[in-house]
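Below is one structure, written out as structure tokens, with a few remarks after it.
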Amino acid sequence: MTAEWIRFFLIAAVLIAALIAFTGAVLGAWRFGFVMNRLHAAGIGDTLGVLLVIIAAVISAGLSLESLKLVLIAAFLWFTSPVSTHFVGQVEFFTNPEIGRFLRALPPRGGKDGATGAAPAETDGGKDGATGAVLAEADDTKDMRPVEAPDMEDAKPDSEDHDVKPGNEGKGEK
Amino acid sequence: MDIKEAYQILYSGALIALIVLIGAMLVRAIKGPRITDRIMSINMIGTMVICAILILSQLLKETFLIDVALIYAMVSLVTVLMLAAMYIPADPKIPDLGGKRGAGGAARTQRGKKKRRSRA
Amino acid sequence: MNETFRRFLDGEIDPLEGIMNVAEEEDSGRKELTAAMKRRHRTVIGTSKAQKLMRAEKESYYRVYNVVAVISCILLIGVLLFTVAHLPRYGAENPRATEVMDRYIERGVEETGAVNVVAGMILDYRAFDTLGESHVLFTALVCVMILLIMDKKNMRTGYEDYYTTTRERFHDLTTEAILRNVAIVLIPCIFVYGLYVLLNGQNGPGGGFSGGAVMGSGLIIASAAFGFDRMDRFFTARVSAWITFSSLAFYSFAKGYVFFTGANGIPNGVPKGTPGNILSGGLILPLDIAVGLVVACTMFGFYSLFRRGTIGGAS
């Protein structure tokens, strides 16, 4: 009897954690003002929330063919939800005419002004991925030039040449 | 309290909470200013419906509901995929994100290659 | 301050330009159009007596057709309302409403060999109904083909460019490496699971329609990820037509045979099998497979027709 009650409280704890994760996702979808941020929040529900619900169901069902199917559900959702997120982000990136207001191409990373590479206030993880992909694409088409001097010394003047946003520069120096 | 009652209360409460969250996301889907907000909301509603089906399967002790949830998990990709194919233009132009993106990108790749080589 | 608004105040731009047209132009256009139509009308009627007669016949035909259509619709509505009015009330003690249900639940497993009573009902007792549903799907696909298919027969000059540009208006998802790599893992699982749902119809939830839908969405994901060219290697319009035709023909003949023997009290010789096994339920399993194939072909056919105008291959 005690074992049953322990199992019950275990399930209750995991389920409540799952509900908290989903609540976080919904709150994020409501409080953030831009789709990429909302996607970032929705990812919590798609991964952590589903995982916790499935752990609760596995504890409740015990080890059987059912629990195998439950694990499969988690595996499939973890496979498909990043793809959905990627495509939603792409739709936003290619169709929003005002995307430049929300996203900014990151200045190059590394060097002594590495702090400058940190995202400005409005960017977050999801946007990083989008801009990174675009930068890579642009490189492939236009700017793929053979690098002649693989020395670190050449890198220093190169890094000063980059145009960094004036605001960011100020931040970096501080 | 009997353990069966406790389970019932737990699962019913979880289902009610999920329904409230689904309703909130539905309102987001209706209000969403852009199409992507709506797609994202519908996608999240799908995820939460899968979870609701799983909780329901434990509440009713019916194993066939897990099969239903598995189908949902597999097929939920199709919606987003087709909507993305519809809305992304055929030759997508990379939007201007402010700053001289091209130069920065080139510099970034060059630097990356240099770093990699110097490490090697 | 809004730049556009300021320019509007300065009188530089007219915001309604191109949106609101001057009314005169439209009026004169309409006048021209009506005049042209009248001229054409006169020429058509005035050319010869035969044409005049033909036109009169056509007009009277359409008048009669309208009247007959309205009358038959009213009659149909009346018959349906009459039938509905004479249905037994919900939960009423009516032999027609309750006995059949009890019989299905009590002796369904024994008579059909299927553990899933619903599968036994839709594919054994009421199989004729399901045959109609499959044919409805097939008819829907045929109608969409009539409207949308682009082949050499109905390709008029000038339409070719239009349709190629339409096809290219969509984003090509085959360039997405992420989707391709996920699809490689996902698609076999979807097909295996669809087959499981399809073959397990008589023992659990599922059956022809749901299994076919799962397999159809697997086909859709495959064509989105790998492109139509690679789908055309194994799934062309010919293959789709043969699968659909043979499934529906098999269904019709099998159920016709069973209905004929059943109505005349002849044993039909179809083994029922042990309820609970995969090979059980008599004809339910092959019929499930037939329905599932039709549903999968229909789903992919819809997608392909709406996306590019053909089902696939050289049509």
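As a basis for the values below, the full set of heavy atoms in this structure was taken, side chains included, without hydrogen atoms, waters or symmetry mates.
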In terms of heavy-atom pairs under 4.5 Å with chain B, which of [options] leads?
options	result
A:Ile16, A:Thr80, A:Val35	A:Val35
A:Ile11, A:Asn96, A:Thr23	A:Asn96
A:Ala25, A:Gly49, A:Ala29, A:Ala61	A:Ala29
A:Thr85, A:Leu70, A:Ile54, A:Val83	A:Leu70
A:Val53, A:Ile73, A:Val88	A:Ile73
A:Trp5, A:Phe87, A:Phe76	A:Trp5

* Asked: From B:Leu70 CG over to B:Leu65 CG, what is the distance, rounded to the nearest 0.5 angstrom?
  -> 12.5 Å
For chain A, the option from [options] that forms the most heavy-atom pairs under 4.5 Å:
options	answer
B:Met48, B:Arg34, B:Lys31, B:Met74	B:Arg34
B:Leu77, B:Leu10, B:Thr47	B:Leu10
B:Val20, B:Ile35, B:Thr63	B:Thr63

* Could you tell me which portion of B:Arg28 (side chain, backbone, both or neither) has an atom closer than 4.5 angstrom to a non-hydrogen atom of chain A? => both
* Can you tell which part of B:Val27 gets under 4.5 Å to a heavy atom of chain A, answering side chain, backbone, both or neither? => both
* **Distance-only donor-acceptor check, side chains B:Gln58 and A:Ser60, under 3.5 Å** => yes
* Structure fact -> Bottom line for A:Leu72: the part with an atom under 4.5 Å from chain B's heavy atoms is both
* **Toward chain B, the part of A:Ser64 with a non-hydrogen atom under 4.5 Å** => neither
